[in-house]
There are 2 protein chains.
Amino acid sequence: MNISTKGRYASRAMLELAMRNSPEPVPLKTIASSQRISLKYLERIMTSLAGEGLVISVRGKSGGYLLARPAAKITLDEIVKTVEGDMAPVSCVTDASLCGRSAVCVTRDIWREVEDTVLGVLRSYSLAHLMAREGFARQPDESRDAPDSAPALDTNKQRGE
Amino acid sequence: MNISTKGRYASRAMLELAMRNSPEPVPLKTIASSQRISLKYLERIMTSLAGEGLVISVRGKSGGYLLARPAAKITLDEIVKTVEGDMAPVSCVTDASLCGRSAVCVTRDIWREVEDTVLGVLRSYSLAHLMAREGFARQPDESRDAPDSAPALDTNKQRGE
DNA sequence: TATATTCCTACAATAATGGTAGGATTTAAA
DNA sequence: TTTAAATCCTACCATTATTGTAGGAATATA
Ligand code: FES
Ligand code: FES
């Protein structure tokens, strides 16, 4: 029962992308250093996210990555699923032919329920939700008294694996 | 996101133990062959279940294993947890010191929620539930018309991984 | 005593994870 | 036009986890 570094790195990178909310593409060098993730590894991760249409990649100088949709429309299950691949805790849930007599298997339904439940939890969180948790939640009316020094985000914020 | 063979083998072995409902200890040789699990591997799995008090082991000739409690009182989460170990999808959920700044980490709470949810699903299934799904559900009043020939369970029933 | 069992520990083959390395390609800026 | 900064691609590799196997020691019954 593991969510590998890929899933966690991808989540953190996407969250940072959301928080920066930059109109210009953000280069991975920036995110890699702020999140302390190997650049090369992160490249591969982001490439697959781009392939799935969650981010838009801009090549060439002053290129980088942009969220493909508003942060409120990107949920964790999408991110985790694309980088982790199949989320079924047992392979036969996805492909019944892998197990001998899957038709009569009792536990299979339960593994399936486990998968559905996990994805349900992840689907209930969008990047916007996560941003709100970070304390960047002063959307509607500026009501909360924010610290004067704008929370800079330069040094490794939300570090921690 | 995986439940390894240990968790699945343990579940199937326990289910078979429940279905046999034998007053005499059932030797692993029997279960291993009926479930097509390596005997030596199964030994190790059952030993840890015994250590956790889910089954009772009887050593020596004509020994074997017995459920330590009625099938209705043993849930899947206990089985899976003991053989799989920590079920947290990310290690810092269990031990916060493993992640740098876990105090300010947003995603950590979510990984924790994932773990809780999975365990919740597993906890909602007892061995008795699983037996019922197998069609051995004639508990309360013998109302359902059971096949005359007692369902023998000898050949590999509920095979499939 | 012979036999059938659990218990214990060490080893090993395979697969998955978590990267690194080295470039090729693209594109904006100088 | 050149240079530099970025993504893209693919192959390799080290480490760890998984999934067992092997061989016997301990235990208890018949
Ligand atoms: S059929 Fe795959 S777990 Fe039973
Ligand atoms: S502190 Fe471990 S995931 Fe954030």
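In this text the structure is predicted, and so the values were computed from the model without any measurement. Note on naming: letters A, B, ... go to the chains in the order of the sequence lines (proteins, then strands), and numbering restarts at 1 for each one.
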Original post:
Quick one: NZ on A:Lys73 to CG on A:Leu127, what's the gap to the nearest 0.5 Å?
Top reply: 13.5 Å
Original post:
Under 3.5 Å, is there a donor-acceptor pair linking the side chains of A:Ser34 and A:Glu16?
Top reply: yes
Original post:
Is the phosphate of D:dT7, meaning OP1 or OP2, less than 4.0 Å from a side-chain N or O of A:Thr47?
Top reply: no
**OP:** Check whether any side-chain nitrogen or oxygen of B:Tyr9 sits under 4.0 Å from OP1 or OP2 of D:dG20, and answer yes or no.
**Re:** yes
Original post:
Does the A:Asn2 side chain pair with the main chain of A:Ser4, one donor and one acceptor, at a distance under 3.5 Å?
Top reply: no
Subject >> Atom pair distance, as rounded to whole Å: CG in B:Leu28 and C1' in C:dT5 >> reply: 9 Å
Subject >> Spacing between B:Glu24 atom CD and D:dT29 atom P, to the nearest angstrom >> reply: 12 Å
Original post:
Atom CG of B:Leu42 to atom C1' of C:dT6: distance rounded to whole Å?
Top reply: 12 Å
Original post:
For C:dT20, does either OP1 or OP2 sit under 4.0 Å from a side-chain N or O belonging to A:Ser38?
Top reply: yes
Original post:
If each of B:Lys61 and A:Gly60 is mapped to the nucleotide of DNA chain C with the nearest heavy atom, which maps nearer the 5' terminus, i.e. the 5' end?
Top reply: B:Lys61
Original post:
In terms of side-chain heavy atoms of A:Arg59, which of D:dT19, D:dT7, C:dG19 is nearest?
Top reply: D:dT7
Original post:
Which nucleotide, D:dC8, C:dT9, D:dT29, lies nearest any side-chain atom of A:Glu43?
Top reply: D:dC8
Original post:
D:dT19, C:dC7, C:dG19: which one has an atom nearest the side-chain heavy atoms of B:Ser57?
Top reply: C:dC7
Original post:
Distance check: side-chain N/O of A:Tyr65 vs OP1/OP2 of D:dC8, anything under 4.0 Å?
Top reply: yes
Subject >> Euclidean distance, atom CG of residue B:Leu66 to atom P of C:dT6 [Å, nearest integer] >> reply: 11 Å
Original post:
Do you know which two heavy atoms are closest between A:Leu122 and A:Thr75, and how far apart they sit?
Top reply: O-CB, 4.2 Å
Subject >> Salt bridge present between A:Glu78 and A:Arg69 (N-O < 4.0 angstrom) >> reply: yes
Original post:
Atom CG of B:Leu39 and atom C1' of C:dA4: how far apart are they, to the nearest Å?
Top reply: 12 Å
Original post:
For A:Arg36 and C:dG19, what is the distance between atoms CZ and P respectively, to the nearest whole Å?
Top reply: 14 Å
Original post:
Are OP1 or OP2 of C:dT17 and a side-chain N or O of A:Ser4 less than 4.0 angstrom apart?
Top reply: no
Original post:
For the pair made of NZ in B:Lys6 and P in D:dG20, what is the distance, rounded to whole Å?
Top reply: 11 Å
Original post:
What's the NZ-P distance between A:Lys40 and D:dC8, to the nearest Å?
Top reply: 12 Å
Original post:
If you pin A:Arg44 and A:Asn2 to their nearest nucleotides in DNA chain D, which one's is more 5'?
Top reply: A:Arg44
